[in-house]
Amino acid sequence: MGAARSEKNLTFRLLAAPVIPIVAALVKLEVQDTEKLPRTGAFVLTPNHYSDFDPVVIGWSVWRLGRAPRFLAKASLFRVPVLGAALRAIKQVPVERSGRTHGSNPLAAAHDLTVGGEGVIVYPEGTLTRDPDLWPMRGKTGAVRIALENALPVIPVAHWGTQAVLPRWSRRLSLFPRKTVHVRYGDEVDLARFRGQPLTQKVLAEATSLVMDAITHLLEELRGETAPAERWNPADHQQTEFGKL
């Protein structure tokens, strides 16, 4: 537990103290298979993403399991007064939507975290899913690149229920009644055949597809439904991947 305690620095604890009771008043968190999140050592955690409230739920879930949540987060958040300083103090990683960096290379910053034995949370979809029924869409390669470059396990996780708290692209929280959100952690994604290979676009795309398959399977279990056979690709539907549709 010493390593876990060191992740939760004083600033992190001071910020979490007022937030957690508020979130707990809004959400009843039901978490399954918690033993699959490593209690020590570095990892890449890959959640599904369909609500701006998702990071709150995933961050709280990781915190409850003794780890400090470190996200690759939108760089625009770091330019908000006070919030930006707080995010830097708790070692969140800024990423520009355009792919440019703000202040640092996000992959290098993620590497620095993992060298210290800390986990990093990466949304492989990169933004809220465009799938009409909130299934995971096509993934981007950043998460598997971090994992393969640093020899880290990729742990998939899925959640369902945050859309009842804050619908996709909404800014209006539903405060009452208290909502139940289900979270399920999965087994490490088997990327053994990709390790040690040159990280070509083909390798990264194939590895990312396996990660998205794992996330989708977990979500199918939570929802009790079967996802579409073909994963949603915004490009096939002339959709932007930035902002609202």
Side-chain angles (χ1 to χ4, degrees), residues 1-16 19 36-47 49 54-56 58-127 139-157 185 188-189 191-192 194-201 203-204 207-208 211:
M1 290 298 291
R5 281 197 299 270
S6 67
E7 292 181 7
K8 297 181 176 182
N9 61 32
L10 178 60
T11 303
F12 223 138
R13 292 178 181 277
L14 289 174
L15 291 173
V19 171
K36 295 179 180 179
L37 182 73
R39 294 303 191 270
T40 60
F43 60 87
V44 178
L45 187 68
T46 55
H49 198 17
D54 296 345
V56 176
I58 291 298
W60 185 27
S61 171
V62 169
W63 182 271
R64 280 178 31 169
L65 296 177
R67 305 301 304 263
R70 317 282 190 194
F71 288 89
L72 264 64
K74 292 187 296 184
S76 59
L77 297 175
F78 291 75
R79 294 190 280 272
V80 177
V82 182
L83 175 61
L87 291 173
R88 290 186 183 88
I90 58 176
K91 296 195 286 187
Q92 308 303 304
V93 180
V95 180
E96 290 283 0
R97 282 295 185 91
S98 64
R100 301 187 311 272
T101 60
H102 180 70
S104 66
N105 182 313
L107 298 185
H111 167 78
D112 292 343
L113 283 176
T114 61
V115 164
E118 299 179 71
V120 62
I121 304 168
V122 184
Y123 285 102
E125 295 165 273
T127 188
K140 294 181 170 62
T141 60
V144 296
R145 181 180 286 278
I146 292 168
L148 293 173
E149 286 183 345
N150 298 283
L152 302 176
V154 174
I155 309 299
V157 62
Y185 288 89
E188 176 184 346
V189 180
L191 300 180
F194 304 108
R195 298 191 188 278
Q197 291 192 40
L199 297 184
T200 64
Q201 189 58 37
V203 165
L204 291 170
T208 297
V211 172

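Just so it is clear, the values below take in all heavy atoms, side chains as well, and ignore hydrogens, waters and symmetry mates.
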Check your understanding: Any salt bridge between Glu118 and Lys91, counting N to O under 4.0 Å?
Key -> yes
Review point. So among Ile121, Ile146, Val44, which one has a side-chain contact (heavy atoms from CB on, under 4.5 Å) with Leu72?
Key: Ile146
Exercise for review: Name the orientation class of the two ring planes belonging to Tyr123 and His49 (parallel below 30°, tilted from 30 to 60°, perpendicular beyond 60°).
Suggested key: parallel
Review point. Mind checking whether Thr46 and Ile155 have side chains closer than 4.5 Å, heavy atoms only?
Key: no
Check your understanding: Do the non-hydrogen side-chain atoms of Leu45 and Val120 ever get within less than 4.5 Å of each other?
Key -> no
Check your understanding: Minimum heavy-atom separation for Val203 to Pro198, with atom names?
Key -> CG2-O, 3.7 Å
Practice item. I would like to know whether Glu188 and Val154 meet side-chain contact (heavy atoms from CB on, under 4.5 Å); could you show each step before the answer? Key: CA-CA 5 Å; Glu188 176 184 346; Val154 174; 5.6 Å; no
Check your understanding: Is any side-chain heavy atom of Pro69 less than 4.5 Å from a side-chain heavy atom of Ile58?
Key -> no
**Study point:** Arg70 (side chain) donor-acceptor with Val93 (main chain) under 3.5 angstrom
**Key:** no
**Study point:** Non-hydrogen atoms of Trp63 and Ala16 that approach each other most closely
**Key:** CZ2-CB, 3.8 Å
Review point. Just how far is it from atom CD of Gln201 to atom OG1 of Thr141, taken to the nearest 0.5 Å?
Key: 5.5 Å
Review point. Are the side chain of Gln92 and the backbone of Phe71 linked by a donor-acceptor contact shorter than 3.5 Å?
Key: yes
Exercise for review: Side-chain contact test, heavy atoms from C-beta onward, threshold under 4.5 Å: evaluate it for Leu37 versus Arg67 and give yes or no.
Suggested key: yes
**Study point:** Side chain proximity check, Glu149 to Leu199, heavy atoms < 4.5 angstrom
**Key:** yes
Exercise for review: Determine the minimum heavy-atom distance between Pro47 and Pro124, stating which atoms define it.
Suggested key: O-CD, 3.5 Å
Check your understanding: Do you know the tightest heavy-atom contact between Tyr185 and Lys36?
Key -> O-CD, 3.7 Å
Check your understanding: Tell me, do Leu152 and Phe43 make a side-chain contact under 4.5 Å, heavy atoms counted?
Key -> no
**Study point:** Approximate separation, where rounding is to 0.5 Å, of Ile90 CD1 and Thr11 OG1
**Key:** 8.5 Å
Review point. Considering all heavy atoms of both residues, which atom of Asn9 and which atom of Ala89 are nearest to each other, and what is their separation?
Key: ND2-O, 3.3 Å
Check your understanding: Which atom names give the shortest non-hydrogen contact between Leu148 and Ala207, and what distance separates them?
Key -> CD1-CB, 4.4 Å
